[in-house]
Amino acid sequence: MPELPEVETIVRGLDKVLSGKKISAVKILNKKSFLGERSEILGKKIIAVRRRAKYIIFELERGKYLLIHLKMTGQLIWQSQKIPNNKVVGGHPDEMYRRQDKLPHKYTRVYFEFDDGSRLFFNDLRVFGWIKIVDQGELKTLLSDLGFEPLPYTKNDRKSGELLILGVSNLNSIIQKYPRRRIKDLLQDQKLIAGIGNIYSSEILFCAGVLPGRAAGSLTAREIRKIYQSINRVLSKAVKLGGTSMSDYRKVDGSKGGYLDEAGVYAREGEKCRKCAGKIKRKKIGQRSAYFCPHCQV
DNA sequence: CAACCATCCTGCGAGC
DNA sequence: TGCTCGCAGGATGGTT
Ligand SMILES: [Zn+2]
(Lines give C-alpha, C1' and ligand atoms only; values in the text may rest on other atoms or scores of the structure.)
Protein backbone atom coordinates (compact mmCIF):
# COMPACT_ATOMS: atom_id res chain seq x y z
CA MET A 1 0.00 0.00 0.00
CA PRO A 2 2.28 2.59 1.14
CA GLU A 3 4.47 3.61 -1.74
CA LEU A 4 7.56 5.77 -1.82
CA PRO A 5 5.89 9.03 -0.70
CA GLU A 6 4.19 7.41 2.27
CA VAL A 7 7.32 5.58 3.32
CA GLU A 8 9.42 8.70 2.91
CA THR A 9 6.98 10.65 5.05
CA ILE A 10 6.91 8.19 7.92
CA VAL A 11 10.67 7.81 7.80
CA ARG A 12 11.23 11.54 8.10
CA GLY A 13 8.85 11.73 11.01
CA LEU A 14 10.26 8.72 12.84
CA ASP A 15 13.88 9.72 12.36
CA LYS A 16 13.19 12.95 14.21
CA VAL A 17 11.48 11.39 17.20
CA LEU A 18 13.20 8.02 17.52
CA SER A 19 16.87 8.87 17.06
CA GLY A 20 18.67 8.37 20.34
CA LYS A 21 15.85 6.48 22.04
CA LYS A 22 16.51 3.12 23.65
CA ILE A 23 14.21 0.14 23.06
CA SER A 24 13.02 -1.02 26.47
CA ALA A 25 10.35 -3.52 25.43
CA VAL A 26 9.03 -5.30 22.36
CA LYS A 27 5.51 -6.70 22.44
CA ILE A 28 4.71 -9.23 19.73
CA LEU A 29 0.96 -9.70 19.34
CA ASN A 30 1.19 -11.67 16.10
CA LYS A 31 4.12 -14.01 15.58
CA LYS A 32 4.02 -13.74 11.78
CA SER A 33 4.66 -10.03 11.93
CA PHE A 34 8.01 -10.21 13.74
CA LEU A 35 10.98 -12.22 12.49
CA GLY A 36 14.00 -12.65 14.72
CA GLU A 37 14.97 -13.00 18.35
CA ARG A 38 13.68 -10.01 20.23
CA SER A 39 16.43 -10.14 22.87
CA GLU A 40 18.88 -9.07 20.15
CA ILE A 41 17.44 -5.56 20.11
CA LEU A 42 16.34 -5.01 23.70
CA GLY A 43 18.29 -2.19 25.33
CA LYS A 44 19.71 -0.99 22.02
CA LYS A 45 19.54 2.62 20.89
CA ILE A 46 18.11 3.73 17.57
CA ILE A 47 20.77 5.64 15.70
CA ALA A 48 18.77 6.66 12.63
CA VAL A 49 15.70 5.82 10.56
CA ARG A 50 15.92 5.75 6.78
CA ARG A 51 14.51 3.92 3.81
CA ARG A 52 15.37 2.19 0.56
CA ALA A 53 12.51 1.74 -1.91
CA LYS A 54 9.51 0.86 0.25
CA TYR A 55 11.63 -0.68 2.99
CA ILE A 56 12.06 1.14 6.28
CA ILE A 57 15.39 0.72 8.03
CA PHE A 58 16.04 1.34 11.72
CA GLU A 59 19.76 1.49 12.33
CA LEU A 60 20.51 0.25 15.84
CA GLU A 61 23.62 0.13 17.96
CA ARG A 62 26.25 -2.54 17.36
CA GLY A 63 25.49 -3.46 13.76
CA LYS A 64 21.88 -4.49 14.15
CA TYR A 65 19.02 -3.25 12.02
CA LEU A 66 15.27 -3.49 11.99
CA LEU A 67 13.97 -3.90 8.47
CA ILE A 68 10.27 -3.13 8.04
CA HIS A 69 7.94 -3.60 5.10
CA LEU A 70 4.40 -2.26 5.38
CA LYS A 71 3.10 -4.16 2.32
CA MET A 72 -0.60 -3.49 1.66
CA THR A 73 -2.02 -2.36 4.99
CA GLY A 74 0.89 -1.67 7.31
CA GLN A 75 0.93 1.45 9.42
CA LEU A 76 3.30 2.87 12.01
CA ILE A 77 2.23 5.20 14.80
CA TRP A 78 4.59 6.70 17.33
CA GLN A 79 3.02 8.27 20.37
CA SER A 80 4.62 10.14 23.23
CA GLN A 81 3.62 9.11 26.71
CA LYS A 82 2.97 12.50 28.27
CA ILE A 83 1.30 14.22 25.34
CA PRO A 84 -0.80 11.69 23.41
CA ASN A 85 -1.47 14.23 20.68
CA ASN A 86 2.24 14.37 20.05
CA LYS A 87 2.42 11.61 17.48
CA VAL A 88 3.84 10.53 14.16
CA VAL A 89 1.59 8.56 11.85
CA GLY A 90 2.31 6.99 8.53
CA GLY A 91 1.44 4.13 6.24
CA HIS A 92 -1.98 2.89 5.42
CA PRO A 93 -4.95 5.19 6.05
CA ASP A 94 -7.52 2.41 6.13
CA GLU A 95 -10.96 3.26 7.42
CA MET A 96 -10.75 0.30 9.76
CA TYR A 97 -7.97 1.97 11.66
CA ARG A 98 -9.91 5.19 12.03
CA ARG A 99 -12.62 3.42 13.94
CA GLN A 100 -10.17 2.15 16.53
CA ASP A 101 -9.50 4.53 19.36
CA LYS A 102 -6.96 3.31 21.85
CA LEU A 103 -3.61 1.74 21.04
CA PRO A 104 -2.78 -1.08 20.87
CA HIS A 105 -5.98 -2.13 19.06
CA LYS A 106 -7.19 -5.26 17.29
CA TYR A 107 -4.94 -4.71 14.26
CA THR A 108 -1.79 -3.92 16.23
CA ARG A 109 0.65 -6.75 15.51
CA VAL A 110 3.79 -5.48 17.24
CA TYR A 111 4.69 -2.54 19.41
CA PHE A 112 7.83 -1.10 20.95
CA GLU A 113 8.33 0.79 24.19
CA PHE A 114 11.19 3.27 24.58
CA ASP A 115 13.13 4.51 27.55
CA ASP A 116 11.15 7.76 27.67
CA GLY A 117 7.84 5.92 27.84
CA SER A 118 6.87 6.66 24.24
CA ARG A 119 5.64 3.79 22.07
CA LEU A 120 5.68 2.76 18.43
CA PHE A 121 2.77 0.68 17.11
CA PHE A 122 2.88 -1.51 14.01
CA ASN A 123 -0.68 -2.00 12.79
CA ASP A 124 -1.39 -4.28 9.85
CA LEU A 125 -4.89 -5.46 9.04
CA ARG A 126 -3.95 -8.05 6.45
CA VAL A 127 -0.73 -9.28 8.09
CA PHE A 128 1.34 -9.13 4.92
CA GLY A 129 3.83 -6.71 6.41
CA TRP A 130 6.70 -7.65 8.71
CA ILE A 131 9.49 -6.45 10.93
CA LYS A 132 12.76 -8.35 10.72
CA ILE A 133 15.97 -8.17 12.75
CA VAL A 134 19.01 -8.25 10.46
CA ASP A 135 22.72 -7.53 10.57
CA GLN A 136 24.55 -5.47 8.00
CA GLY A 137 25.26 -8.39 5.68
CA GLU A 138 21.65 -9.56 5.61
CA LEU A 139 20.47 -6.01 5.09
CA LYS A 140 22.69 -5.62 2.08
CA THR A 141 21.57 -8.94 0.63
CA LEU A 142 17.90 -8.25 1.13
CA LEU A 143 18.11 -4.86 -0.56
CA SER A 144 20.60 -5.80 -3.26
CA ASP A 145 18.13 -6.41 -6.10
CA LEU A 146 16.42 -3.03 -5.89
CA GLY A 147 16.52 -0.61 -8.79
CA PHE A 148 17.03 3.13 -9.04
CA GLU A 149 15.56 5.56 -6.55
CA PRO A 150 13.26 7.84 -8.51
CA LEU A 151 13.69 10.95 -6.37
CA PRO A 152 16.90 12.81 -5.63
CA TYR A 153 17.52 14.43 -2.25
CA THR A 154 15.25 12.20 -0.23
CA LYS A 155 16.23 10.23 2.77
CA ASN A 156 17.14 6.96 1.09
CA ASP A 157 20.09 4.86 1.98
CA ARG A 158 22.88 7.43 1.75
CA LYS A 159 25.58 4.80 2.03
CA SER A 160 24.71 3.58 -1.45
CA GLY A 161 25.31 7.04 -2.85
CA GLU A 162 24.13 9.03 -5.80
CA LEU A 163 24.47 6.15 -8.25
CA LEU A 164 21.03 5.03 -7.17
CA ILE A 165 19.17 8.06 -8.46
CA LEU A 166 17.15 7.50 -11.62
CA GLY A 167 18.23 9.68 -14.52
CA VAL A 168 16.52 10.00 -17.88
CA SER A 169 19.29 7.91 -19.43
CA ASN A 170 18.59 5.11 -16.96
CA LEU A 171 14.91 5.20 -17.88
CA ASN A 172 15.88 5.02 -21.54
CA SER A 173 18.06 1.98 -20.93
CA ILE A 174 15.29 0.22 -19.01
CA ILE A 175 12.83 0.84 -21.80
CA GLN A 176 15.29 -0.35 -24.43
CA LYS A 177 15.98 -3.49 -22.45
CA TYR A 178 12.30 -4.42 -22.09
CA PRO A 179 10.59 -3.06 -25.22
CA ARG A 180 7.74 -5.56 -25.10
CA ARG A 181 6.66 -4.98 -21.53
CA ARG A 182 3.85 -2.60 -20.71
CA ILE A 183 5.02 0.70 -19.35
CA LYS A 184 2.95 0.52 -16.16
CA ASP A 185 4.52 -2.80 -15.35
CA LEU A 186 8.02 -1.40 -15.86
CA LEU A 187 7.36 1.58 -13.60
CA GLN A 188 6.25 -0.73 -10.80
CA ASP A 189 9.06 -3.25 -11.15
CA GLN A 190 11.09 -2.80 -7.96
CA LYS A 191 14.17 -4.37 -9.52
CA LEU A 192 14.23 -1.57 -12.09
CA ILE A 193 12.79 1.47 -10.33
CA ALA A 194 12.22 1.28 -6.60
CA GLY A 195 9.25 2.72 -4.76
CA ILE A 196 6.49 3.16 -7.33
CA GLY A 197 3.35 1.10 -6.77
CA ASN A 198 -0.17 0.89 -8.06
CA ILE A 199 -1.35 4.39 -7.18
CA TYR A 200 1.58 6.34 -8.48
CA SER A 201 2.13 4.32 -11.64
CA SER A 202 -1.36 5.30 -12.77
CA GLU A 203 -0.89 8.88 -11.61
CA ILE A 204 2.46 9.24 -13.36
CA LEU A 205 1.13 7.95 -16.67
CA PHE A 206 -1.92 10.20 -16.49
CA CYS A 207 0.39 13.13 -15.87
CA ALA A 208 2.53 12.04 -18.83
CA GLY A 209 -0.43 11.49 -21.16
CA VAL A 210 0.57 7.89 -21.88
CA LEU A 211 -1.75 4.88 -21.67
CA PRO A 212 -0.66 2.28 -19.07
CA GLY A 213 -0.91 -0.63 -21.50
CA ARG A 214 1.52 0.82 -24.03
CA ALA A 215 4.49 -1.40 -24.88
CA ALA A 216 7.65 0.31 -23.72
CA GLY A 217 9.20 -0.06 -27.15
CA SER A 218 6.41 1.96 -28.75
CA LEU A 219 7.18 5.07 -26.74
CA THR A 220 8.70 8.06 -28.50
CA ALA A 221 11.70 9.89 -27.07
CA ARG A 222 9.38 12.75 -26.25
CA GLU A 223 6.99 10.47 -24.35
CA ILE A 224 9.84 8.94 -22.39
CA ARG A 225 11.04 12.38 -21.36
CA LYS A 226 7.49 13.26 -20.33
CA ILE A 227 7.24 10.09 -18.24
CA TYR A 228 10.54 10.90 -16.60
CA GLN A 229 9.37 14.39 -15.70
CA SER A 230 6.06 13.00 -14.45
CA ILE A 231 7.80 10.54 -12.14
CA ASN A 232 9.56 13.43 -10.48
CA ARG A 233 6.57 15.76 -10.46
CA VAL A 234 4.04 13.29 -9.13
CA LEU A 235 6.26 11.76 -6.48
CA SER A 236 7.68 15.01 -5.17
CA LYS A 237 4.24 16.55 -5.00
CA ALA A 238 3.03 13.51 -3.06
CA VAL A 239 5.97 13.74 -0.68
CA LYS A 240 5.14 17.39 -0.11
CA LEU A 241 1.58 16.43 0.76
CA GLY A 242 2.81 13.72 3.12
CA GLY A 243 1.71 10.89 0.86
CA THR A 244 -1.79 9.53 1.00
CA SER A 245 -1.51 8.40 4.57
CA MET A 246 -2.26 11.09 6.98
CA SER A 247 -5.36 12.93 5.90
CA ASP A 248 -7.35 11.84 8.91
CA TYR A 249 -4.73 12.83 11.41
CA ARG A 250 -3.96 15.95 9.47
CA LYS A 251 -7.55 17.02 9.78
CA VAL A 252 -7.25 16.51 13.50
CA ASP A 253 -4.15 18.66 13.44
CA GLY A 254 -5.95 21.30 11.41
CA SER A 255 -3.64 20.91 8.47
CA LYS A 256 -4.28 19.87 4.89
CA GLY A 257 -5.26 16.51 3.44
CA GLY A 258 -3.13 13.97 1.68
CA TYR A 259 -2.43 13.15 -1.94
CA LEU A 260 -5.48 11.02 -2.69
CA ASP A 261 -7.75 14.05 -2.49
CA GLU A 262 -5.90 15.36 -5.50
CA ALA A 263 -5.43 12.11 -7.41
CA GLY A 264 -6.04 12.53 -11.11
CA VAL A 265 -7.22 9.00 -11.87
CA TYR A 266 -6.56 6.51 -9.08
CA ALA A 267 -9.77 5.01 -7.65
CA ARG A 268 -11.79 7.45 -9.78
CA GLU A 269 -13.40 5.00 -12.22
CA GLY A 270 -16.49 6.53 -13.83
CA GLU A 271 -15.72 10.00 -12.47
CA LYS A 272 -15.03 12.99 -14.63
CA CYS A 273 -11.49 13.54 -15.81
CA ARG A 274 -9.86 16.62 -14.32
CA LYS A 275 -8.36 17.61 -17.67
CA CYS A 276 -11.23 16.90 -20.07
CA ALA A 277 -14.95 16.12 -20.10
CA GLY A 278 -14.42 12.36 -20.39
CA LYS A 279 -14.70 9.65 -17.77
CA ILE A 280 -11.92 7.74 -16.03
CA LYS A 281 -11.65 4.08 -16.99
CA ARG A 282 -10.25 1.08 -15.13
CA LYS A 283 -8.52 -1.91 -16.68
CA LYS A 284 -6.56 -4.86 -15.31
CA ILE A 285 -2.89 -4.72 -16.12
CA GLY A 286 -0.75 -7.40 -14.55
CA GLN A 287 -3.58 -8.44 -12.20
CA ARG A 288 -3.87 -4.93 -10.77
CA SER A 289 -6.22 -2.10 -11.63
CA ALA A 290 -4.84 0.59 -13.89
CA TYR A 291 -6.76 3.87 -14.01
CA PHE A 292 -6.57 6.21 -16.98
CA CYS A 293 -8.36 8.72 -19.16
CA PRO A 294 -8.76 7.31 -22.69
CA HIS A 295 -9.00 10.83 -24.08
CA CYS A 296 -6.02 12.48 -22.35
CA GLN A 297 -3.72 9.48 -22.59
CA VAL A 298 -2.47 8.10 -25.89
C1' DC B 1 10.54 -13.59 -22.10
C1' DA B 2 6.03 -11.55 -20.90
C1' DA B 3 1.62 -12.55 -19.20
C1' DC B 4 -1.13 -14.84 -16.01
C1' DC B 5 -2.18 -17.18 -11.57
C1' DA B 6 -2.21 -18.44 -6.79
C1' DT B 7 -0.66 -17.21 -2.25
C1' DC B 8 0.11 -14.91 2.18
C1' DC B 9 -4.43 -12.35 5.22
C1' DT B 10 -8.73 -9.49 6.61
C1' DG B 11 -12.65 -6.77 5.69
C1' DC B 12 -16.03 -4.02 2.87
C1' DG B 13 -19.66 -3.13 -0.39
C1' DA B 14 -22.52 -4.70 -4.31
C1' DG B 15 -25.76 -7.86 -5.95
C1' DC B 16 -28.76 -11.72 -5.56
C1' DT C 1 -30.62 -11.44 6.41
C1' DG C 2 -27.07 -14.08 4.56
C1' DC C 3 -24.46 -15.61 0.87
C1' DT C 4 -20.89 -15.10 -2.86
C1' DC C 5 -17.89 -12.25 -5.58
C1' DG C 6 -14.69 -8.69 -6.56
C1' DC C 7 -11.92 -5.43 -4.64
C1' DA C 8 -7.93 -3.40 -1.73
C1' DG C 9 -1.67 1.04 -1.91
C1' DG C 10 2.86 -5.55 -2.19
C1' DA C 11 5.83 -9.08 -3.45
C1' DT C 12 7.01 -13.96 -4.56
C1' DG C 13 7.17 -18.12 -6.95
C1' DG C 14 5.12 -20.95 -10.20
C1' DT C 15 3.14 -22.12 -14.88
C1' DT C 16 1.70 -21.17 -19.75
ZN1 LIG D 1 -9.17 13.34 -19.76
Side-chain angles (χ1 to χ4, degrees), chain A residues 1-10 29-35 51-56 67-76 90-100 105-110 122-132 142-147 174-204 212-218 234-235 238-239 241-248 258-270 282-291:
Chain A
M1 110 350 54
E3 304 178 33
L4 185 150
E6 291 75 35
V7 175
E8 177 68 21
T9 301
I10 186 66
L29 309 181
N30 185 314
K31 278 193 95 176
K32 289 195 168 176
S33 302
F34 192 94
L35 312 167
R51 73 162 181 87
R52 171 80 169 98
K54 300 172 193 169
Y55 293 87
I56 298 165
L67 187 63
I68 303 174
H69 203 303
L70 300 173
K71 292 287 181 85
M72 297 284 263
T73 54
Q75 180 192 59
L76 289 167
H92 202 269
D94 198 280
E95 294 291 336
M96 290 304 301
Y97 295 143
R98 297 181 190 176
R99 288 180 209 154
Q100 310 296 320
H105 57 53
K106 70 184 285 201
Y107 303 115
T108 303
R109 310 303 181 190
V110 179
F122 174 61
N123 304 324
D124 185 19
L125 188 149
R126 292 175 70 179
V127 205
F128 291 166
W130 42 258
I131 299 174
K132 186 177 168 69
L142 286 167
L143 303 182
S144 62
D145 283 339
L146 291 167
I174 289 169
I175 285 168
Q176 274 175 36
K177 194 170 173 191
Y178 302 101
R180 281 192 282 275
R181 281 173 66 181
R182 295 169 294 194
I183 185 62
K184 178 174 188 281
D185 183 42
L186 284 190
L187 292 180
Q188 285 178 229
D189 188 330
Q190 303 300 300
K191 292 183 172 69
L192 304 175
I193 303 170
I196 298 173
N198 208 39
I199 293 182
Y200 295 106
S201 58
S202 279
E203 292 297 311
I204 287 164
R214 286 275 297 281
S218 76
V234 169
L235 293 182
V239 169
L241 289 172
T244 58
S245 302
M246 314 195 18
S247 54
D248 190 51
Y259 181 87
L260 267 198
D261 298 336
E262 306 195 24
V265 288
Y266 185 78
R268 297 194 65 236
E269 185 185 15
R282 180 169 67 89
K283 185 187 177 185
K284 286 270 180 206
I285 288 188
Q287 319 311 122
R288 318 289 301 273
S289 289
Y291 296 87

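Residue numbers start from 1 in every chain, and the chains themselves are labelled A, B, ... in the order their sequence lines are given, proteins ahead of strands. Quick caveat: nothing in here was measured; it's all calculated off a predicted structure.
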Sequence neighbours left out, what passes side-chain hydrogen bond (donor to acceptor under 3.5 Å, both in side chains) with A/T108? Give chain and number order.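 side-chain hydrogen bond (donor to acceptor under 3.5 Å, both in side chains) check on A/T108 returns A/N123.
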Using the test side-chain hydrogen bond (donor to acceptor under 3.5 Å, both in side chains), find all partners of A/K54 that sit at least two apart in sequence or belong to another chain. none
Distance, C1' atom - from C/dG10 to B/dC1, rounded to whole angstrom: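 Taking atom C1' in both B/dC1 and C/dG10, they lie 23 Å apart.
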P atom, B/dC8 versus C/dC3: distance in rounded Å? 23 Å
Rounded to the nearest Å, what distance is computed from the [atom1] atom of residue [X] to the [atom2] atom of nucleotide [N]?
X      : N      : atom1 : atom2 : answer
A/M72  : C/dG6  : CE    : C1'   : 13 Å
A/L142 : C/dG10 : CG    : P     : 19 Å
A/N198 : C/dA8  : CG    : P     : 7 Å
A/F128 : B/dG11 : CZ    : P     : 12 Å
A/R282 : B/dA14 : CZ    : P     : 14 Å
A/Q75  : C/dG10 : CD    : P     : 16 Å
A/L70  : C/dG10 : CG    : C1'   : 10 Å
A/H105 : B/dG11 : NE2   : C1'   : 14 Å

Sequence-distant partners of A/R268, side chain to side chain contact (heavy atoms under 4.5 Å, CB included), two or more places apart: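 Listed in chain order: A/E271, A/R274, A/I280.
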Show every donor-acceptor pair shorter than 3.5 Å between a side-chain atom in residues 282-291 of chain A and any protein atom, with sequence neighbours excluded, or say none if there are none.
residue	atom	partner	partner atom	Å
A/R282	NE	A/E269	OE1	3.0
A/R282	NH1	A/S289	OG	3.0

Does A/Y291 make a side-chain N or O approach to OP1 or OP2 of C/dA8 shorter than 4.0 Å?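 For A/Y291, the contact criterion (side-chain N or O under 4.0 Å from OP1 or OP2 of C/dA8) is met.
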OP1, OP2 of C/dG10 versus side-chain N and O of A/T73: anything below 4.0 Å?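 No, because none of the side-chain N or O atoms of A/T73 sits under 4.0 Å from OP1 or OP2 of C/dG10.
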Intra- and inter-strand pairs of DNA chain C in dot-bracket (Watson-Crick or G-U wobble, both distances under 3.5 Å; | for another strand): .|||||||.|||||||
For A/V239 and A/E8, work out which heavy atoms get closest and say how close. CG1-CG, 4.1 Å
To check you understand the geometry: which heavy-atom pair defines the closest contact between A/A216 and A/I175, and what is its length?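 Of all heavy-atom pairs spanning A/A216 and A/I175, the closest is O-CG2, 3.4 Å.
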Just by distance, no angles: are the side chains of A/Q190 and A/Y55 close enough, under 3.5 Å, to form a donor-acceptor pair?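 Judged by distance alone, the side chains do not pair up.
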Can you list the residues that meet the ring pair (Phe, Tyr, Trp, His ring centres under 6.0 Å) rule with A/F122, with sequence neighbours excluded?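 Residues passing ring pair (Phe, Tyr, Trp, His ring centres under 6.0 Å) with A/F122: none at all.
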Quick test: give all pairs of protein nitrogen or oxygen and nucleotides 2-5 of chain B nitrogen or oxygen below 3.5 Å, distance rounded to 0.1 Å.
residue	atom	partner	partner atom	Å
B/dC5	OP2	A/Q287	NE2	3.3

Nearest 0.5 angstrom please: A/I131 CD1 to A/D124 CG, how far?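 Here the interatomic distance stands at 9.0 Å.
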Residue pairs meeting salt bridge (charged side-chain N to carboxylate O under 4.0 Å, His left out), one or both in residues 187-204 of chain A, sequence neighbours left out, come to A/R181-A/D189
What orientation do A/Y107 and A/Y97 show, parallel under 30°, tilted 30 to 60°, or perpendicular over 60°? perpendicular
Review item, nucleotides 11-16 of chain C N/O atoms under 3.5 Å of protein N/O:
residue	atom	partner	partner atom	Å
C/dA11	OP1	A/H69	NE2	2.9
C/dA11	OP2	A/K54	NZ	2.8

Among the nucleotides [options], which one has an atom lying closest to any side-chain atom of [X]?
X      : options               : result
A/K106 : C/dA8, B/dG11, B/dC8  : B/dG11
A/E3   : C/dG10, C/dA8, B/dT10 : C/dG10
A/V127 : C/dA8, C/dG10, B/dT10 : B/dT10

With sequence neighbours left out, write down each residue that passes salt bridge (Lys or Arg N to Asp or Glu O under 4.0 Å) with A/R214, or none if nothing qualifies.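 Per chain and number, A/R214 pairs via salt bridge (Lys or Arg N to Asp or Glu O under 4.0 Å) with A/E223.
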